[in-house]
Undergrad: 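I have a structure here, written as structure tokens, and I will follow up with some questions on it.
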Protein chains: 2
Amino acid sequence: MKLTSRGRYAVMALVDLARFDNINPVSLRDISLRQGISLDYLEQIFSKLRKKEIVQSVRGTQGGYVLNKKAKEIKLTNIFDAVDEKVKTVQCKKDSKKGCNGKPVKCLTHNLWDELENHINNFFSEKSLEDLVKDNSDRRV
Amino acid sequence: MKLTSRGRYAVMALVDLARFDNINPVSLRDISLRQGISLDYLEQIFSKLRKKEIVQSVRGTQGGYVLNKKAKEIKLTNIFDAVDEKVKTVQCKKDSKKGCNGKPVKCLTHNLWDELENHINNFFSEKSLEDLVKDNSDRRV
DNA sequence: TATAAACCTGACTGATATAGTCAAGTATCT
DNA sequence: AGATACTTGACTATATCAGTCAGGTTTATA
């Protein structure tokens, strides 16, 4: 059970962005340098974030990205959702009438994984970008 | 973020085992048939479970596997641990003095992932095999 | 004591997804 | 005009998973 870099980077970059957002658009180049994430990869990630209206882009010199909502309103769920970081505990199709493992019944552990998924998703939907910014408010860099 | 089949199968098989354990050792062949899991794969998984003393093997005809502890005492943590299903949210080394991403400081989201890991591990360490057996006590198969 | 059931082990493989890189753009501020 | 920065899509190396396969060893029982 592993979180992918894409999801981690997305959150990391957005926290970075949120911390500087007050003044000017933040360029991906800066984020790349500060966070040690490949610029090309960041571009892929931000393309997704923009499509899901989590950030807005500002083109041209001195351009960059700006949050599209208040940090408080951006939950981790939204971010993960945007970059296709999914919590997948079960292979069985959730709403289908079919069971798991090709059998016509639910497997012995089906409810368990559902429960786990909810458990994790709750965590994600409670945490906002603002929370994370606050967590780091005492840092200089 | 995905749970692997290995972890899922391990739990599934152990629940199956726990339900029949009362009388005789349960053969992997039976579990394979009932749960639709490849026998060869099950053998790999049970080899690990045995090494971690979660099950005991009984060789020879009419042999099979038996739980090595009470179902109540076997937590999901133990099972996942045995089959190397790890919860890995961070790449940064946990106890090292080094930070993340090759930088000398913790990344902006380090605490978050730690928190998430704990959140998930709590879930796993609370659930026991017995709980899962009870969840399925109304089933015939 | 032979034999078959069942455990045991290790090597191998196809498929898939991730984590990037690379290249060739387009838009826009100064 | 030109630099800066976004935008897009194709490409690729690597790793891991999920599972197969082959060749064992052990032991209960007939």
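Scope of the values below: all heavy atoms of this structure, side chains included, with no hydrogens, waters or symmetry mates. Small disclaimer: the values here were computed from a predicted structure and weren't measured.
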Undergrad: Compute whether any side-chain donor of one residue and acceptor of the other, for A:Asn68 and A:Glu53, lie under 3.5 angstrom apart.
TA: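 Result is no, nothing qualifies.
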Undergrad: If two hydrophobic side chains count as joined below 4.5 Å and joins carry through other members, does B:Ile31 share a cluster with B:Val58?
TA: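 No, B:Ile31 does not connect to B:Val58 through the hydrophobic network.
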Undergrad: Taking side chain as C-beta onward, heavy atoms only, is B:Asn121 less than 4.5 Å from B:Thr77?
TA: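 B:Asn121 does not reach B:Thr77 side chain to side chain.
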Undergrad: Measure from CG on A:Leu39 to P on C:dA19 and round the result to the nearest Å.
TA: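 After rounding, the gap between these two atoms is 18 Å.
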Undergrad: Counting only side-chain N and O atoms of A:Tyr9, is one of them less than 4.0 Å from OP1 or OP2 of C:dG20?
TA: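 True: A:Tyr9 side-chain N/O within range (under 4.0 Å) of C:dG20 OP1/OP2.
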Undergrad: Counting the atoms with a prime plus P, OP1 and OP2 as sugar-phosphate, which does B:Tyr65 contact under 4.0 Å by heavy atoms, base, sugar-phosphate, or nothing?
TA: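 Sugar-phosphate, backbone atoms only, no base.
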Undergrad: Please enumerate all residues that pass side chain to side chain donor-acceptor pair (under 3.5 Å) together with B:Asp131, with sequence neighbours excluded.
TA: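 Listed in chain order: B:Ser128.
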Undergrad: C:dC7 C1' sits how many Å from B:Asp30 CG, rounded?
TA: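 Taking atom C1' of C:dC7 as the reference, CG of B:Asp30 is at 14 Å.
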Undergrad: For the pair made of CD1 in A:Ile45 and P in C:dT21, what is the distance, rounded to whole Å?
TA: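 Going from A:Ile45 (CD1) to C:dT21 (P), I get 12 Å.
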Undergrad: Rounded to the nearest Å, what distance is computed from the CG atom of residue B:Asn24 to the C1' atom of nucleotide C:dA6?
TA: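 It works out to 14 Å between those atoms.
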Undergrad: For the pair made of NZ in B:Lys48 and P in C:dC8, what is the distance, rounded to whole Å?
TA: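 It is 15 Å, rounded to the nearest whole Å.
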Undergrad: Report the distance from atom CD of A:Gln56 to atom C1' of D:dC6, rounded to the nearest whole Å.
TA: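 In whole Å, D:dC6 C1' and A:Gln56 CD are 14 Å from each other.
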Undergrad: Is any side-chain heavy atom of A:Glu85 closer than 4.5 Å to one of B:Met1?
TA: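 Result yes, sub-4.5 Å side-chain heavy-atom pair found.
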Undergrad: Quick check on D:dT7: is either OP1 or OP2 less than 4.0 Å from any side-chain nitrogen or oxygen of A:Ser47?
TA: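 For D:dT7, OP1/OP2 do not have a side-chain N/O of A:Ser47 under 4.0 Å.
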Undergrad: Identify the pairs formed between an N or O of the protein and an N or O of nucleotides 9-17 of chain D at a distance under 3.5 Å, and give each distance.
TA:
none

Undergrad: Polar atom pairs between nucleotides 25-29 of chain C and protein, under 3.5 Å, N or O only, would you list them?
TA:
unit_1	atom_1	unit_2	atom_2	d
C:dA27	O4'	A:Arg59	NH1	2.3
C:dC29	O2	A:Thr61	OG1	3.0

Undergrad: To the nearest angstrom, how far is B:Leu42 atom CG from C:dT9 atom C1'?
TA: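 Rounding to the nearest Å, CG of B:Leu42 and C1' of C:dT9 are 16 Å apart.
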Undergrad: Atom CG of B:Leu49 and atom P of C:dT9: how far apart are they, to the nearest Å?
TA: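 Rounding to the nearest Å, CG of B:Leu49 and P of C:dT9 are 13 Å apart.
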Undergrad: Could you tell me whether B:Glu115 and A:Lys127 have a side-chain N and a carboxylate O separated by less than 4.0 Å?
TA: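 Result for this pair is yes, salt bridge flagged.
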Undergrad: Establish, from distance only, whether the side-chain atoms of A:Ser5 and A:Arg8 form a donor-acceptor pair under 3.5 Å.
TA: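 Side-chain D/A pair, A:Ser5 to A:Arg8: present.
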Undergrad: Here's one to test your reading of the geometry: is the NZ or CZ of B:Arg34 within 45 degrees of the ring axis of B:Phe20 and under 6.0 Å from its centre?
TA: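 Yes, B:Arg34 sits over the ring of B:Phe20.
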Undergrad: Please determine if a side-chain N or O atom of B:Ser38 lies less than 4.0 Å away from the OP1 or OP2 oxygen of D:dG19.
TA: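 No, outside the criterion.
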Undergrad: So which atom in A:Ile37 and which in A:Ser32 form the shortest heavy-atom distance, rounded to 0.1 Å?
TA: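 It is O-OG, 2.8 Å.
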Undergrad: Any side-chain N or O of B:Arg50 below 4.0 angstrom from OP1/OP2 of C:dC8?
TA: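 Indeed, a polar side-chain atom of B:Arg50 lies that close.
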